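Worth saying up front: this structure is predicted, and the values here are computed from it rather than measured.
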Amino acid sequence: MMSSPREHVRGHILIVEDEAHLALGMRYTLEQEQYRVTVAHDGTSALELVLKNPDDFDMIVLDIMLPGMNGYKVCGKIRENNIFIPIMILSVRTLPEDRAKAFEAGANQYLSKPFELDEFLARIRNLLDFRRKIQSYQGNDAEVERETEKEKSVLPETKKIGNFGDAHVDFETFEVTVRNQNVRLTALEMALLAYFYENQNRLISKEELLENVWKMPGDLNTRAPDQFILRLRKIFEPDPTRPVHFLTYRNAGYRFIKEP
């Protein structure tokens, strides 16, 4: 099949699937929908592709049970490297704990096998739409630095210095230390932290965060706040699995507690 002209390609999707017939079927379907597709058949090679050139991919369709490195680990490694490409997990596993583990690793969506083709394509469109809306925050370090001045507009005007737990934060200079170690936050992470600090102890909905930190519609279907809060927990919490500062209330929102 001849490749479509680049201007008509709707996005570049990485499929990570070890079952050759399933990978081939997804590739054919997506290319018919004018997507550019790359296929990896194991977790290790998929991770290498993403780390080598993260800006080349617009989203990832990721199986869990993979040779070399399972999908949970691939997803977690991608997020640990501060790469926020949308990720949709595909899996035959349907237990709630499997879904929870995927979302904790940083997945945006979870689709059980076998799946309906229409739902598969709709979820991809949803994630790519989300990708376009936050693309200004998805680039390399230089692009993040260009966003810094714009993001400072949402930082506290009265409280330039923040202290909680083992952390010291200067919201004006972006200097952060945790347990006497220097930590670098992206502009968006700093904006989220600042919003929490200015609204400490108050229950904040996901819609409010999307509108005031991400500057997006509050009804957007995305798990971006959850992923960024997981990142803040890994940085600031003494035990990220038992958070005391960044709390999540299911179906309600989030709360930042300065002094637990």
Side-chain angles (χ1 to χ4, degrees), residues 1-4 8-51 54 56-80 83-134 138 206 219-227 230 250-251:
M1 184 177 66
M2 294 181 63
S3 299
S4 301
H8 298 304
V9 173
R10 300 170 64 184
H12 187 187
I13 300 173
L14 173 63
I15 295 175
V16 190
E17 172 59 65
D18 63 324
E19 295 186 37
H21 70 283
L22 183 55
L24 182 61
M26 287 191 289
R27 178 172 198 158
Y28 176 80
T29 297
L30 291 172
E31 287 181 341
Q32 290 297 305
E33 294 291 321
Q34 303 301 312
Y35 295 108
R36 177 186 171 201
V37 179
T38 296
V39 176
H41 295 290
D42 65 87
T44 303
S45 61
L47 182 62
E48 290 175 353
L49 283 172
V50 174
L51 295 184
D56 193 37
F57 299 103
D58 296 296
M59 73 164 289
I60 302 170
V61 177
L62 178 63
D63 188 24
I64 289 181
M65 301 178 68
L66 295 167
M69 181 183 298
N70 67 43
Y72 296 129
K73 290 184 179 179
V74 173
C75 188
K77 291 289 186 183
I78 290 172
R79 299 310 188 214
E80 286 173 11
I83 298 170
F84 298 106
I85 302 169
I87 297 175
M88 179 167 67
I89 294 289
L90 293 182
S91 178
V92 296
R93 299 183 178 186
T94 58
L95 295 176
E97 51 263 38
D98 295 320
R99 292 175 177 271
K101 189 174 181 180
F103 289 129
E104 288 171 359
N108 297 84
Q109 292 193 12
Y110 192 106
L111 182 61
S112 298
K113 299 177 183 176
F115 50 82
E116 294 291 335
L117 185 58
D118 287 345
E119 181 180 2
F120 175 68
L121 293 174
R123 287 173 179 258
I124 285 177
R125 288 193 295 268
N126 176 273
L127 285 178
L128 289 175
D129 182 58
F130 168 64
R131 166 74 164 172
R132 285 189 289 271
K133 289 179 179 177
I134 65 169
Q138 305 297 317
K206 182 183 80 170
D219 59 355
L220 187 68
N221 182 16
T222 174
R223 294 185 62 87
D226 299 291
Q227 294 171 13
L230 285 174
R250 182 173 294 182
N251 300 323

Might you point out which heavy atoms bring [X] and [Y] nearest each other, and give the distance in Å?
| X | Y | answer |
| --- | --- | --- |
| Ala40 | Leu49 | CB-CD1, 4.3 Å |
| Cys75 | Ile87 | SG-CD1, 3.7 Å |
| His41 | Ala23 | CE1-CB, 4.1 Å |
| Met65 | Asp18 | O-OD1, 3.5 Å |
| Glu17 | Glu19 | OE2-N, 2.9 Å |

Report yes if some heavy atom in the side chain of [X] is under 4.5 Å from a heavy atom in the side chain of [Y]; otherwise report no.
| X | Y | answer |
| --- | --- | --- |
| Leu127 | Gln109 | yes |
| Ile15 | Val37 | yes |
| Arg36 | Ile13 | no |
| Leu14 | Asp58 | no |
| Leu128 | Tyr35 | yes |
| Leu111 | Val61 | no |
| Val92 | Ser112 | no |

Inset, instruction - Tell me, with the steps shown, if Leu121 and Glu33 meet side chain to side chain contact (heavy atoms under 4.5 Å, CB included). - result: CA-CA 9 Å; Leu121 293 174; Glu33 294 291 321; 4.1 Å; yes
Legend entry - Heavy-atom donor-acceptor pair, Asp63 side chain to Leu66 backbone, under 3.5 Å: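 Side chain of Asp63 to backbone of Leu66: no pair is present.
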Inset, instruction - Could you tell me whether a side-chain N or O of Arg79 sits under 3.5 Å from a main-chain N or O of Gly106, the two making a donor and an acceptor? - result: yes
Inset, instruction - List the steps and the verdict of side chain to side chain contact (heavy atoms under 4.5 Å, CB included) for Leu22 and Met26. - result: CA-CA 6 Å; Leu22 183 55; Met26 287 191 289; 4.1 Å; yes
Legend entry - From CG (Asn70) to CG (Asp42), nearest 0.5 Å: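 Separation between the atoms: 12.0 Å.
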Legend entry - Spatial distance of atom NZ (Lys101) from atom CD1 (Ile89) [nearest 0.5 Å]: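 Between Lys101 NZ and Ile89 CD1, I get 11.0 Å after rounding to 0.5 Å.
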Inset, instruction - Starting from the C-alpha separation in whole Å, work towards a yes-or-no answer on side chain to side chain contact (heavy atoms under 4.5 Å, CB included) for Val74 and Val16. - result: CA-CA 10 Å; Val74 173; Val16 190; 5.9 Å; no
Inset, instruction - Say whether Ser91 and Arg99, considering side chains only, have a donor N or O and an acceptor N or O under 3.5 Å apart. - result: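 No.
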Legend entry - Atom CD of Glu97: over 12 foreign heavy atoms under 6.0 Å: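 Enclosed.
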Legend entry - Criterion side chain to side chain contact (heavy atoms under 4.5 Å, CB included) on Thr38 and Asp56, from CA distance to verdict: CA-CA 10 Å; Thr38 296; Asp56 193 37; 5.7 Å; no
Inset, instruction - Could you tell me which residues satisfy ring pair (Phe, Tyr, Trp, His ring centres under 6.0 Å) with Phe120, sequence neighbours excluded, listed by chain and number? - result: Phe115
Inset, instruction - Check ring pair (Phe, Tyr, Trp, His ring centres under 6.0 Å) between Tyr110 and all other residues, then give those that pass, not counting sequence neighbours. - result: none
Legend entry - Residues Glu119 and Arg123 bridged, charged N to O under 4.0 Å: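 Looking at Arg123 together with Glu119, the answer is yes, because their closest N to O distance falls below 4.0 Å.
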